[in-house]
2 protein chains.
Amino acid sequence: MNPVRRGQWQTASDVLTQLTRQPGITRAAVARTLRLSTGSATEVTARLRDVHLVTEVPAPSQGRGRPTTLLRAHPQGPVVLALDLRQSSWRSAIVTLDGSLQDPEYRRHRSRRPQVVLNNLRRHVEQARQQYGDRLRMVSLAVPGTIRDNHLMQAPTLEWAELDLETVTEGTGLPLLAGNDATLSGVAEARTGAAAGAGTALHLIIEVGIGGTLLIDGVPAQGASGAGGEYGHMPFGDRSRACPCGARGCWDLEIDGRALARHLKQGRPDDPYAYTEEVLRRTDRNARAAVTKVVSALGLGIAGLVNAHDPDVVTIGGLAIPLRAAAQRTFKEAYEGGLMTFHRGSPPPVLPATLPDGPLRGAAALALDQLTTEPAIAAWVAQR
Amino acid sequence: MNPVRRGQWQTASDVLTQLTRQPGITRAAVARTLRLSTGSATEVTARLRDVHLVTEVPAPSQGRGRPTTLLRAHPQGPVVLALDLRQSSWRSAIVTLDGSLQDPEYRRHRSRRPQVVLNNLRRHVEQARQQYGDRLRMVSLAVPGTIRDNHLMQAPTLEWAELDLETVTEGTGLPLLAGNDATLSGVAEARTGAAAGAGTALHLIIEVGIGGTLLIDGVPAQGASGAGGEYGHMPFGDRSRACPCGARGCWDLEIDGRALARHLKQGRPDDPYAYTEEVLRRTDRNARAAVTKVVSALGLGIAGLVNAHDPDVVTIGGLAIPLRAAAQRTFKEAYEGGLMTFHRGSPPPVLPATLPDGPLRGAAALALDQLTTEPAIAAWVAQR
DNA sequence: CAGTTTATGCTCGTGGGACGAGTTTAATGG
DNA sequence: CCATTAAACTCGTCCCACGAGCATAAACTG
């Protein structure tokens, strides 16, 4: 916690940030984008090598001139454990400074009880701690629910009550970074996916209900306590309908399997996700009409959010992709009809998300953001 | 455009940023908050003095110890011209690096024709240019309408069509920063007003329709082209109603004088702002009922936005203040009823905005942000 | 009122990092 | 094999942040 000498690792931090954002970037390319003189590039890479933060491997030569090198994470460098908790399974990977995922693991839950699942995760953290020692700097966890200061507030798909997630790292002294899965998949899309390069991006994903996030320069607007992005609980819907969240008229209730079931005059489905897929496979008129209504609500809501946030691009994930595909014209009409006139000339494109392991990659990205700050580098150097 | 030497004016930039954010701050306080050693503080202030960026005046002593000095903008230092265009008048002020407003001007429009008004503004810019010469670095303009890349897209209160605002600085070579008035008043509130210190703040202001902005660490989420914050055009309302913006069911139509008139079965009022004030003065049952409906729509919408953004605090301005005051219980019920359950324990406070000249101050603040960046300081120094 | 206490400002030596000019290196191409 | 090209390395220089020690200007104290 000593005050870091101002500017001490400034350029080093910039270089590492480049590395995490563009894995496999060459040393010469880094120097160009950061406008570093060749002397500075030599010096900063040497320093980063000395403290085990990067290594260099020869890059395939590209035409004339002395070949440059690829920057890679150092084999003894810091790592992050990224975890992605899902309804019936969890994933993990070790992430290095060049953004590559190693030791990927995939496990199905044997029991879905919170304590059992969290204990499994904790054991996994401890194991990584054993294996990587002080190289392991942080644990980043994606959860399908509302997160507030590392507490899970509500998780409709998991059906868990409020829960402190820090038990996952308890005893290890490792910092935990818990985040909503939709938010984190948005981070991944904004950094390396369909919204790469966008200054302002809006990401929305339908599974049960709708989640998402607003991203500004790749940074999610997480709000005061990390619960930002609950777009499903804006009152775009029918005010007479109560939402399990406690409010009324939530958008959530208009765009997923529960809405389809209602339109088809059926009870609440046990698994709204699977139910939606089922309805999407049907070709009868009733099913089509129900899908049309849902897609219309989706398009209108997105338009409202575009009016409010003026994003460069919107990315959609989960069931939103097949839903839109099933009623493209309806979507286009609802979306463009809901936009303010001046947006209609060139409305922000609504692109399908491209990264299947978005939450894991997003969790990794936010953790790497921490690791590449000046103070974190200084701490790493001081410890060695 | 030359690459600035990395770290060259880093600390100087930090000091100036402190100064703009806390006008009247002392040199010792700056050193403490930035964790500068006294040696560095001496050095950096000396340098800033040398290049005519700050001066020091003796501070009133506060107890024991050698008295410190107040940092002030240098009398030969850079300035910004802040302009606030309103429906029937405009204001201006010259803003210095310590955030103080000088030479305030207030003029009523003689004609409200766009070309006449813009010409007046341009003459004012030219005059300031004459008076301040190279000291004048930038013009910042607040406008009551939707802004996109320094173009005015729509302005319901002014009743102007699309318009290029850069004519205001044309010929002077001065950079222009045009922004929505509601956005800019939000900036002012988040920096020095009711939302000071909030990490995430939501600002909403009702005049005709509702405008606002989401602020993260005092920076407004302005979107891809600067049109962010049009919360009035989210579909919180009755989808059967068309909005002049081109969409349907806009919140805008539920919370201002137009809504009151509709509830009172009257035609669209010529001046919805004045009409609202009129209805607020009435004490009859019909008027009260109309106000109640509007306040309810306001509270519900704010709740939805709180669900989505999880702000630390919400600030409301314009007619939202007397409207809420006229039906406090209704507001509270609608607001809290619209929140997700977990927010209800300690819902974000909804505070009245405190700065009457918010747009002007916000415009000033954003311009000063530019002026206190390292490249801008380097450019200033290079020019002298 | 003189000495003490306290917070702050100033001086100066030290060290690190960024830069740029000049040089070297490792590839391609004729 | 030599010219060309892009990149890396070397080294002197400059600038800035820092900290230790000293100086200064107020309030407190007896």
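Quick note on labels: first sequence line is chain A, next is B, and so on, each numbered from 1. Source: prediction; values computed, not measured.
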May I ask you to evaluate whether B:T42 reaches the phosphate of C:dG9, defined as a side-chain N or O under 4.0 Å from OP1 or OP2? no
Spacing of A:L70 atom CG relative to D:dA8 atom C1', expressed in whole Å: 15 Å
Do the side-chain N or O atoms of A:S40 get closer than 4.0 angstrom to the phosphate oxygens (OP1, OP2) of C:dA18? no
Test item: side-chain donor near acceptor, A:D310 and B:S225, under 3.5 Å: yes
Measure the distance from CG on A:L48 to P on C:dG16 and round it to the nearest whole Å. 16 Å
Can you figure out which of C:dC10, C:dA18, C:dA21 approaches the side chain of A:E43 most closely? C:dA18
Any chance the side chains of B:S40 and B:S37 put a donor and an acceptor closer than 3.5 Å? yes
Tell me the interatomic distance from B:L36, atom CG, to C:dG9, atom P, rounded to whole angstroms. 11 Å
Any chance you could list the contact pattern along nucleotides 25-30 of chain C? Use B for base contacts, S for sugar-phosphate-only contacts and - for none, protein heavy atoms under 4.0 Å, 5' to 3'. BBBBS-
What is the distance from CD of A:Q10 to P of C:dG16, rounded to the nearest Å? 18 Å
In this structure, how many angstroms lie between the C1' atom of C:dG9 and the CZ atom of B:R32, rounded? 13 Å
For B:T354, the side chain to side chain contact (heavy atoms under 4.5 Å, CB included) test, sequence neighbours excluded, returns B:E189, B:A194
Counting heavy atoms from C-beta on, name the nucleotide in C:dG9, C:dG15, C:dA18 closest to the side chain of A:R5. C:dG15
With B:A376, which residues qualify under side chain to side chain contact (heavy atoms under 4.5 Å, CB included), at least two apart? B:T373
Side-chain atoms of B:T69 come closest, of C:dG9, D:dC18, D:dC9, to C:dG9
How close or far is atom P of C:dA7 from atom CZ of B:R27, stated in whole angstroms? 17 Å
